[in-house]
Amino acid sequence: MSELHQRLANGFPDRSAPTRASIPSDARGIVQWVAALPLANAVSASRVLLQGIRELNGLRLDASVRLHALETLRSPMAQLVAQADRQVVGSSFPLPQAKQQLGLQSREFHEAFALGYRMVVHDLCSPGGKLPFLKGGTAALASARAIGHYGESLLRGYLLYQAPSPGVWQALHDLYRFTDAIGVVDKAVADPLLGKAAVTPKHCYAHVLLLAISNPYRLAQKEMADAHEAMRAWALHCDLSTAGGATDFDVAQDQDRGPGYTPDERHAAGAKRLAFTAARAQQFLERELSLAGVAPGPLSFGLKGGPKAALGQDLIRRLCSAWRPQFDRNHSRLAAGHELETLIGLHAIHFHLAGRLDFENFVRELRGPGISLSERDRTASWAQGSGDNSRALPTRARVLDQGLGGYRLQWGAESGAKARIGELVGLASPDDDDAVEREWMVGVIRWLRFTLDGQVDAGVELLARQAEPAALRISEAGTSFKTPVRAIELEPLHPGNGGLSFLAPSIGERSFARMEVSMRPDRYAETREPRVSVIADIDLLENTGAYLRVAAKAKNAENSAA
């Protein structure tokens with residue numbers, strides 16, 4: 001038995017002969033079994049079907065019999081997973097327990113099907129690992145299906161911002177290497193779930209790698225799902241080879257990991273390495289963007305005869321920017337290991353910047369009792385889960401590495417930290433004696449990953465090393481100022497890198513004409529009167545859904561006394 005063939009069997013369950021109590025595996029019996037599934041009740045049907053595929057994977061069956069059974073079960077599985085995806089994608093984080101379980105179940109479905117198709121490839125070429133006569137199409141189909149379902153299981157993990165299940169990447173590498181060895185890696189097979197589109201095992205493998213190097217952990221759920229679909233077409237422009245170049249990603253195929261989601265993880269080692277490059281895909285997309293010209297609309301991509309996905313041009317550019325083995329940085333990353341105090345969310349950061357003063361009293365201190373608050377600003381953020389801002393306590397995080405642009409942080413499972421992409425984070429040294437006077441830096445979470453043991457890893461971009469609390473009121477054209485909301489003034493990171501900017505809740509007001517910013521007097525000012533600025537020409541710098549970042553356009557801010 002060849003070593004590559006033997007590796008395919010890693011992780012196989014013990015298999016026994018079918019009995020009368022087993023799930024039927026014959027052509028007629030499996031069709032009748034599927035017809036009896038209670039598909040009108042997705043919860044019940046999912047439970048029965050998942051148990052059925054697990055049972056099927058535990059039976060000793062001929063490869064052709066197993067393949068037919070899997071193909072019959074595949075359509076109802078896809079229907080149930082699609083229903084679950086509609087409930088998970090677009091949800092706010094942290095997910096409710098019920099939706100979290102739906103996402104995990106979808107991942108289990110795809111891993112179970114991938115295991116079944118991997119068994120078909122292994123058993124078809126048993127005992128010596130050689131491809132039987134006229135079985136190339138069957139082997140290619142089973143391999144493409146297995147690689148595709150492993151890729152779908154990775155996607156379901158990404159949608160939950162969770163690390164890959166152990167063994168998934170190794171199984172993907174083993175399948176590709178064996179399929180390549182028996183000479184069917186470029187053989188096209190039809191996939192009914194993709195309409196009339198055809199795929200090859202090599203194409204499916206490139207599809208999985210392309211999404212991985214795009215670092216899906218920095219994307220919103222909808223962006224992940226759309227990018228995954230579009231990348232089926234983009235993967236046709238990717239290349240795999242044994243001789244790598246400067247723009248290639250090294251894939252360690254003898255290790256249970258991918259090409260690396262972040263630049264710090266992209267270091268291949270081991271005896272079996274493969275070079276993967278998306279250079280041609282990037283050139284293809286640059287041409288598509290160029291042809292679109294100044295038209296701001298999304299672009300559609302898909303396989304011939306398959307479903308299409310529409311992606312915004314900004315998202316396409318962001319994805320392409322990750323397709324370099326190492327990001328271009330103006331600074332180096334330094335190993336760390338120290339700890340920082342952290343605050344998650346604008347409410348918590350404002351509370352501590354204000355000296356642990358809630359927003360209502362902060363506004364009263366600045367402007368007196370004449371300005372009322374909206375109900376929104378009497379409540380705490382989603383991260384705190386309570387209207388009592390005194391509960392916005394700092395959480396300790398470990399710094400994995402750092403640079404001038406930000407930090408890679410890790411919160412322990414015991415911290416209970418709740419985080420999401422685009423959320424604001426306050427950072428401070430834990431050594432300050434007076435926590436009330438602690439100097440807080442402000443950053444934003446750009447990527448996020450939950451590990452299997454409950455830890456939270458995050459990439460935090462630093463927005464400012466100095467920040468001050470503020471109250472902000474907006475005015476639409478021809479209207480008076482509205483009720484105040486929390487705001488944070490950010491000092492520019494570097495001299496000459498623009499002026500002051502302000503963070504405020506993402507209230508969806510993109511067209512407001514003026515804003516009034518109220519702040520405490522300067523620490524060493526002779527007067528104790530608050531500083532009040534009316535900004536008449538506003539530049540929207542960023543809107544993440546969690547916050548707005550705005551600034552005055554050059555030379556358009558005028559100060560007025562309160």
Side-chain angles (χ1 to χ4, degrees), residues 91-95 100 103 157-164 212-221 223-224 257-258 260-266 318 321-322 327 329 331 333-349 352 381-384 392-430 440-465 467 488 493 503 506 542 544-547 549:
S91 300
S92 59
F93 272 75
L95 285 176
Q100 180 82 1
Y158 301 153
L159 292 172
L160 301 176
Y161 298 99
Q162 291 201 349
I213 67 170
S214 304
N215 190 5
Y217 295 108
R218 67 192 176 105
L219 303 176
Q221 287 180 308
E223 291 176 330
M224 283 186 214
R257 61 183 180 86
Y261 296 106
T262 66
D264 309 285
E265 297 173 349
R266 291 168 186 172
R318 282 195 286 132
S321 70
F327 281 112
R329 282 186 170 131
H331 47 82
R333 303 293 290 183
L334 302 175
H338 61 284
E339 294 185 328
L340 289 175
E341 296 283 10
T342 65
L343 300 166
I344 300 177
L346 188 147
H347 283 66
I349 298 171
H352 282 266
S381 70
W382 65 273
Q384 305 305 327
L393 299 176
T395 303
R396 194 69 63 90
R398 187 162 67 94
V399 180
L400 301 180
D401 62 54
Q402 65 185 56
L404 294 177
Y407 298 86
R408 186 157 66 99
L409 301 180
Q410 184 178 80
W411 287 279
E414 72 285 353
S415 71
K418 297 178 179 180
R420 59 178 176 176
I421 300 293
E423 187 58 274
L424 295 171
V425 180
L427 306 164
S429 169
W440 289 96
M441 300 181 289
V442 178
V444 58
I445 295 176
R446 293 306 188 193
W447 62 264
L448 189 66
R449 183 166 62 210
F450 295 87
T451 63
L452 297 175
D453 57 1
Q455 297 184 121
V456 183
D457 291 358
V460 176
E461 178 189 350
L462 197 59
L463 299 179
R465 293 186 179 85
I488 296 172
L493 274 176
L503 299 174
S506 186
E542 188 175 14
T544 69
Y547 68 87
R549 187 177 181 186

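By convention here, the first residue in the shown sequence is residue 1.
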Inter-residue atom distance [X].[atom1] - [Y].[atom2], 0.5 Å rounding:
X	Y	atom1	atom2	value
I349	I488	CD1	CD1	5.0 Å
R449	R408	CZ	CZ	7.5 Å
Q402	H338	CD	NE2	4.5 Å
I421	R218	CD1	CZ	10.0 Å
R396	L340	CZ	CG	9.0 Å
T262	D401	OG1	CG	8.0 Å

Does [Y] offer a backbone N or O that forms a donor-acceptor pair with the side chain of [X] under 3.5 Å?
X	Y	result
E423	R420	no
Y217	Q162	yes
Q221	L159	yes

Looking only at heavy atoms, which two atoms of Y261 and P216 are closest? And how far apart?
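Taking Y261 first and P216 second, the nearest heavy atoms are CD2-CD, 3.9 Å.
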
Looking at every non-hydrogen atom in both residues, tell me the closest pair between L493 and R465 and how far apart they are.
CD2-NH1, 3.3 Å

Name all residues meeting the side chain to side chain contact (heavy atoms under 4.5 Å, CB included) criterion together with E542; count only those two or more places apart in sequence or in a different chain, and write none if there are none.
R446, T544, Y547, R549

Checking side-chain polar atoms at under 3.5 Å, does T395 have a donor or acceptor matched by the opposite partner on W411?
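Result is no, nothing qualifies.
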
Just one of L462, L343, V442 clears the side-chain contact (heavy atoms from CB on, under 4.5 Å) bar with L427, so which one?
L462

Check against side-chain contact (heavy atoms from CB on, under 4.5 Å), L409 and L400:
CA-CA 6 Å; L409 301 180; L400 301 180; over 6 Å; no

Would you say that E341 contacts W440 through its side chain, given a criterion of any heavy-atom pair below 4.5 Å between the two side chains?
yes

